[in-house]
Trainee: 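Handing you this structure, nothing more for now.
What you see is a predicted model; the values in this text were computed from it and never measured. Note that ligands are numbered from 1 as they come in the structure, with each ligand's atoms numbered from 1 the same way.
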Amino acid sequence: MKPMTMTDLNQLKKEKRKFATITAYDASFARLFAEQGIDVMLVGDSLGMTLQGADTTIPVTVEDIVYHTRCVRTGAPYAFLIADMPFMSYATPEQSCENAAKLMRAGANMVKVEGGNWLFDTIKMLTERSVPVCAHLGLTPQSVHILGGYKVQGRDEISANQLIKDAIILEKAGTQLLVLECVPVELAKRITDKLQIPVIGIGAGNMTDGQVLVMHDALGITASPPKFAKNFLEKAGNIRDAIRLYKEQVENGTYPGKEHSFY
Ligand code: KIV
C-alpha cells in the first residue's frame, strides 16, 4: 500500500478525475472505508452531532478531535486524513499553531478551518510552519448562529462574488484543499474552475473535483438528513457495498444528482 498524498489529489484534479471522501471517527469504519478504496477521510467536527448528539458542532473540543484522529489513523494507516479544527481553536494564528500541532501529532495529514479572508494570516502561518490546510467555505456549521441556521449560501450575486474572492484569497494564503458546503451548483463550478487546488463539495453539486459526505448521512443513520444526502445503504444492502456504490457514483458523476443539488 502507498500513502495517499496531496500530489495524488492534485493529479486527480489535473486529470479531471473525481474522488470520494467521507467522514470517519473510529478505527473500524476507517478500516472498512479504506478497504473499499476511500483514500481521503475527514475527522469532522460533525462528530459533535453524529457521535455526541449535540445540535451543533460548537461543543466539540480539540481533545475530541485528537482522540478520534488517533482512532481513524490506526484503522487507516495509508489514508490522507483531514482533521477539523473545532470552534474557537483557531481564533488567532498563534492559537491555531498550538492546536494544529496536536492534530498533526495525532496522525492528521492536514487540518481544516472554516471561514473566509479573515483566515489569511492563520493559513499563511500554518502552511509556513509545515501544517497543510484545507479551508471550508459556504455553509460553515461553526457559524450557525451568525448565519441564522443551516442555509444554502451564495445565492445572490453579492454573496456569490464574496465567496469567489474568499476562495482566491485563501488559495493565495497557501490553502491546499477547499471544502465548499451548500452552495448552488453554478457557483461551485465557477470556484472549482478558478482554483488550482482541488475543491471538495458537499451540497454543492457534481461539478467539484471531489465530494465529501458525513458517514451517517451516507448510511441512512441521520434522522432528518439534508437534501444533498443519499442513503447508499438502502440500495446496496450492506455497508461495504454502500461505500463502494458511493465511491463509484462520485467518480462517474452520478452522485450528487439534480435532486441533491441547489440551483
Ligand atoms: O465536520 C464535518 O463533517 C464537515 C463536513 C460536513 C464537510 O466539515
Trainee: Are a donor atom and an acceptor atom from the side chains of Lys13 and Gln196 found within less than 3.5 Å of each other?
Mentor: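 No, no side-chain donor-acceptor pair sits under 3.5 Å.
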Trainee: Would you mind checking if Asp8 and Lys2 are paired as a salt bridge, meaning a charged N to carboxylate O distance below 4.0 Å?
Mentor: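 Yes, this pair counts.
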Trainee: Taking only residues two or more places apart in sequence or in another chain, which ones pass salt bridge (charged side-chain N to carboxylate O under 4.0 Å, His left out) with Asp193?
Mentor: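 By the salt bridge (charged side-chain N to carboxylate O under 4.0 Å, His left out) rule, Asp193 matches Lys189.
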Trainee: Can you pull every nitrogen or oxygen pair between ligand 1 and the protein closer than 3.5 angstrom?
Mentor:
{"from": "ligand 1", "atom 1": "1 (O)", "to": "Asp45", "atom 2": "N", "distance (Å)": "3.1"}
{"from": "ligand 1", "atom 1": "1 (O)", "to": "Asp45", "atom 2": "OD1", "distance (Å)": "3.0"}
{"from": "ligand 1", "atom 1": "1 (O)", "to": "Ser46", "atom 2": "N", "distance (Å)": "2.9"}
{"from": "ligand 1", "atom 1": "1 (O)", "to": "Ser46", "atom 2": "OG", "distance (Å)": "3.3"}
{"from": "ligand 1", "atom 1": "1 (O)", "to": "Asp84", "atom 2": "OD2", "distance (Å)": "3.0"}
{"from": "ligand 1", "atom 1": "3 (O)", "to": "Ser46", "atom 2": "OG", "distance (Å)": "2.5"}
{"from": "ligand 1", "atom 1": "8 (O)", "to": "Lys112", "atom 2": "NZ", "distance (Å)": "2.8"}

Trainee: Look at atom CG of Asp55 and say whether more than 12 heavy atoms of other residues, nucleotides or ligands are closer to it than 6.0 Å.
Mentor: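 Not more than 12 within 6.0 Å, no.
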Trainee: Would you say the rings of Tyr25 and Phe29 are close, in the sense that their centroids are separated by under 6.0 Å?
Mentor: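 Centroid separation for Phe29 and Tyr25: 6.0 Å or greater.
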Trainee: Could you report the tightest heavy-atom contact between Asp26 and Cys71, atom names first, then the distance?
Mentor: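 That closest heavy-atom pairing would be CA-CB, 3.9 Å.
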